Amino acid sequence: MNKIYLSSPHLGQEELHFVHQAFDTNWIAPLGPNVDGFEADLQDYNKVAYAAALSSGTAAIHIALRLLDVQPGDYVLCQSFTFCGSANPILYMGAKPVFIDSEPNTWNMSPAHLQEAIADLHRQGIRPKACIPVHLYGTPAKMDEIVRLCDNFDIPIIEDAAESLGATLHGQHTGTFGKLGVYSFNGNKIITTSGGGALVSRDEALIQRARFLATQARDPAPHYQHTEVGYNYRLSNVLAGIGRGQMRVLDKRIAQRRANFQRYQDYFATWQDHGYHIQFPTEPEGTFCNRWLTTILVDPKQNKGLTREDIRLALEKDNIEARPLWKPMHMQPVFQEALFYGDGTSERLFEIGLCLPSGTNMSEGDWELIFKVLDQIIADW
Ligand SMILES: *Cc1c(COP(=O)(O)O)cnc(C)c1O
């Protein structure tokens, strides 16, 4: 039986054209015309920010922290409810993460707890060197408040838009609110280069420096000359070709992800007639969500004791992948020493939340099977 994945790559018609071009011209290197073209496509798409195509979203966050001159022992504010790729680069720099809880509306960084953290650190004479909010599952964070708070204390923002390419707030693309923004093109994201990422900024000089640091910080000289530590973080010209093709279907993929979300919402509405109440995240006013993954909350108290694990395990039996929401970073053993400001919101979301299969290439047969298994859960309960 074929497995139904949470989110599998979905290629269009044009990726191979660009990949063939790379082969035909022998540009099989971590630089080249597809990399330039992909960066231009990203810039055209989000309208304002220059882009550096990199080997992953995690690499982009690492470079962003370098650009902000984060030093060992510095503090960096970071959303707790996220994937480890948002936070690991803080440790690469020898810096200290300070995790901020979510608020219930967007599930993203709580401005109230951010304020509490900034004030508390300020009292100790500490100014955090960066703040990393995340637009989780493609829902924009409360950037108006976050930007205002960070501006007041001169804390630069690195927006982790790895999951939110195409999502907007007041019509402005996520990733363009902060000093730096990050996208990911990992295999499970809304578009993919198999593995890849990008760093974006309105500041062209910063992006030029990012490209320099990502190519081993090679100084201009006929020989190899280095005055700084660099990284090997550029995207390959072959993979950037996939990215160029994927950019042409991005808006279509977003429409399809949003249709997936609507389909689940319509389906679970039928559960209400049986006394169940599955909750969905809202689309907060002023936002456009890309609905990368459809997520639900299953509060056992409102669902006759049924838990998200009951649903996940039933789906798994039929080879259908579903997954709990991200386990907050402040609960992860690797970050046990980190500071945390919060009230239990993200812990609760982790406890009752589930991601459902959300690929854009699921067949009608896949959908039928998913709904059949879900129907059976309440029939047996
Ligand atoms: C995927 C992801 C990243 C990291 O991206 P990679 O390209 O996999 O390194 C960072 N943050 C979030 C929230 C992500 O979902």
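Whatever order the structure lists ligands and atoms in, that order sets their numbers, starting from 1. All figures in this text were calculated on a predicted structure; none of them were measured in a lab.
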Problem - Contact with ligand 1 for G196, non-hydrogen, under 4.0 angstrom - result: yes
Fill in the blank from the handout: V134 heavy atoms within 4.0 Å reach ligand 1 at atoms 13 (C)
Problem - For T82, the ligand 1 atoms whose distance to one of its heavy atoms is below 4.0 Å - result: 13 (C)
Handout entry: Where ligand 1 meets K189 - atom numbers and elements under 4.0 angstrom, heavy-atom basis
Key = 1 (C), 2 (C), 14 (C), 15 (O)
Fill in the blank from the handout: With heavy atoms and a 4.0 Å threshold, my read on which part of T58 contacts ligand 1 is both
Problem - Per-atom contacts, ligand 1 versus S184 - under 4.0 Å to a heavy atom - result: 1 (C), 5 (O), 6 (P), 7 (O), 8 (O)
Handout entry: H330 ring center within less than 6.0 Å of F335 ring center
Key = no
Practice task
Would you confirm whether the ring centroid of H113 sits within less than 6.0 angstrom of the ring centroid of Y341?
Solution key: no
Problem - Nitrogen or oxygen of W326 less than 3.5 angstrom from that of ligand 1 - result: no
Practice task
Among S110, S346, S80, find the one that has a side-chain hydrogen bond (donor to acceptor under 3.5 Å, both in side chains) with D101.
Solution key: S346
Exercise for the section: Could you tell me if any non-hydrogen atom of S86 lies under 4.0 Å from any atom of ligand 1? Expected result: yes
Handout entry: Heteroatom distance test (G57, ligand 1): nitrogen or oxygen, under 3.5 angstrom
Key = yes
Handout entry: Protein contact of atom 10 (C) of ligand 1 - nearest heavy atom, named by residue and atom, plus distance
Key = D160 OD2, 3.5 Å
Practice task
Take atom CZ of F371 as the centre, draw a 6.0 Å sphere, and report whether it contains more than 12 heavy atoms from other residues, nucleotides or ligands.
Solution key: yes
Practice task
Decide, yes or no, whether a salt bridge links E364 with R263 under the criterion of side-chain N to carboxylate O below 4.0 Å.
Solution key: yes
Handout entry: Part of A162 within contact of ligand 1 (heavy atoms, under 4.0 Å)
Key = side chain
Problem - Lys/Arg N to Asp/Glu carboxylate O, D151 vs R148, below 4.0 Å - result: no
Exercise for the section: Check whether any N or O atom of E163, backbone or side chain, sits under 3.5 Å from an N or O atom of ligand 1, and answer yes or no. Expected result: yes
Problem - Rounded distance [0.5 Å steps], OG1 in T294 versus CZ in R258 - result: 11.0 Å
Handout entry: Within the 6.0 Å centroid threshold, strictly below: W367 and Y267
Key = no
Problem - Pairing of K189 and E163 as salt bridge, 4.0 angstrom limit - result: no
Practice task
Enumerate the atoms of ligand 1 whose separation from the nearest heavy atom of S56 is less than 4.0 angstrom.
Solution key: 7 (O), 9 (O)
